[in-house]
Amino acid sequence: MPKINVYLPDELAEAVKQAGVPVSAVCQRALEQAVRRVTAIRETVLSDLDLEEPTGALTHLTPRTRTVLKLAADQARTEGAGAVGTEHLLGAMLSEGTNLALHVLRAVEIDPEQVGRDLARHLPAPGAASASEPRNFSGAAANALEFAVTEATSLGHNYVGCEHLLLGLVAEPDGTAGQVLRGLGAEPRLTRRAVVAALAGYVHLRAQTQQSAEAEGRPAAVQAMLSAAIRQELQPLVQRLERLEAHAGLDA
């Protein structure tokens, strides 16, 4: 039987040993579930995908995430692409314009407009793509969606939001979206920290900033105030984690 090595951080490895967790059995079950989810996503036929009531591996998508998938399929169709790629998912996330993932990018000082410009440089020239109807997600896009589901699960969430999709795109190594995001500084660990910090205070901050902005008649203020609040939430968390990592001898 072929072997697959699993590398764990020292602290987790020690905790696993002390708890007597059956690593092989746990990993095998997790991998089986991951393979089933990725296969289901890859085999999803877009024409049959009901984004109003998604099923299978795409269950629990938030309304904004469903909107992003629809916009991605529309963009791929317009370009004549044979499949929905990570570039379409990222482009759709930018086009949707109101999701938490964009606030997270701003909080780590990445301008979504710059993301759009860099992404545009990786897209095929008009007329270069063949005229076809996208039927499936590309391999990289399917992996990014699987990573998004995994991120949501690991954070204890029963939904998959655009912030989880952002983490999936950043983590996926081969797709255009991940290359663009990482090139602008969206390193996986930092982005995950930003998402956690944003979610920690998002409900309260959203209500607070919306009330303030609406009272002043300036809806655009919501975006600026929320981004500033997320940065404020993120900073002490980053500082604490960096101190812990420095103490443990890890790279920040």
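Side-chain N or O atoms of His164 include one that pairs as donor or acceptor with a backbone N or O of Gly161 at under 3.5 Å. The main-chain N or O of Ala83 is never found under 3.5 Å from a side-chain atom of Ser138 such that the two would form a donor-acceptor pair.
For the atom pair Leu181 CG and Leu90 CG, the distance stands at 5.0 Å (nearest 0.5 Å). Taking CE of Met93 as the reference point, atom CG of Leu102 lies at 7.5 Å (rounded to 0.5 Å). Here the straight-line distance linking atom CD of Glu79 with atom CD of Gln75 works out to 5.0 Å at 0.5 Å rounding. The structure places CG of Leu167 at 8.0 Å from OG of Ser154, a figure rounded to the nearest 0.5 Å. Between the CZ atom in Arg64 and the CG atom in Leu69 there is a gap of 14.5 Å [rounded to 0.5 Å]. Rounding to the nearest 0.5 Å gives a distance of 7.5 Å between CG of Leu169 and CG of Leu145.
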Practice prompt. Quick one: do Thr150 and Glu146 satisfy side-chain hydrogen bond (donor to acceptor under 3.5 Å, both in side chains)? Show the steps, please.
Written response: CA-CA 6 Å; Thr150 301; Glu146 159 60 12; 3.0 Å; yes
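When all heavy atoms of Ala73 and Val84 are compared, the closest pair comes out as CA-CG2, 3.8 Å. Of all the heavy atoms in Ile110 and Gly185, the pair that sits closest is CD1-C, 3.9 Å. Taking all atoms of both residues into account, the shortest heavy-atom contact from Leu165 to Leu89 is CD1-CD1, 4.5 Å. Residue Val160 comes nearest to Ala148 through the heavy atom pair CG1-CB, 4.2 Å, listed as atom of the first residue, atom of the second, then distance. Of all the heavy atoms in Pro112 and Leu94, the pair that sits closest is O-CD2, 3.8 Å. Scanning all heavy atoms of the two residues, the minimum distance from Ala194 to Val108 falls at CB-CG1, 3.6 Å.
The side chain to side chain contact (heavy atoms under 4.5 Å, CB included) test applied to Asp174 returns Glu172, not counting sequence neighbours. With sequence neighbours left out, Ala171 forms a side chain to side chain contact (heavy atoms under 4.5 Å, CB included) with Phe147. Partners of Asp74 by salt bridge (charged side-chain N to carboxylate O under 4.0 Å, His left out), not counting sequence neighbours, listed by chain and number: Lys70, Arg77. Scanning for side chain to side chain contact (heavy atoms under 4.5 Å, CB included) contacts around Gln114 gives Asp111, Arg117, Asp118, Arg121, Leu184, with sequence neighbours left out. Shown here are the side-chain hydrogen bond (donor to acceptor under 3.5 Å, both in side chains) partners of Thr65, two or more places apart in sequence or in another chain: Thr62. With sequence neighbours left out, the side-chain hydrogen bond (donor to acceptor under 3.5 Å, both in side chains) criterion links Arg182 to no other residue. Take Pro188 and apply the side chain to side chain contact (heavy atoms under 4.5 Å, CB included) test, not counting sequence neighbours, and it matches Val170. Every side-chain hydrogen bond (donor to acceptor under 3.5 Å, both in side chains) that Glu96 has, sequence neighbours left out, goes to Thr98, Asn99.
Within the structure, salt bridge (charged side-chain N to carboxylate O under 4.0 Å, His left out) contacts touching residues 150-165 (residues at least two apart or in different chains) are Glu151-Arg192.
Under the 4.5 Å side-chain criterion, counting only non-hydrogen atoms from C-beta, Val196 is in contact with Leu155.
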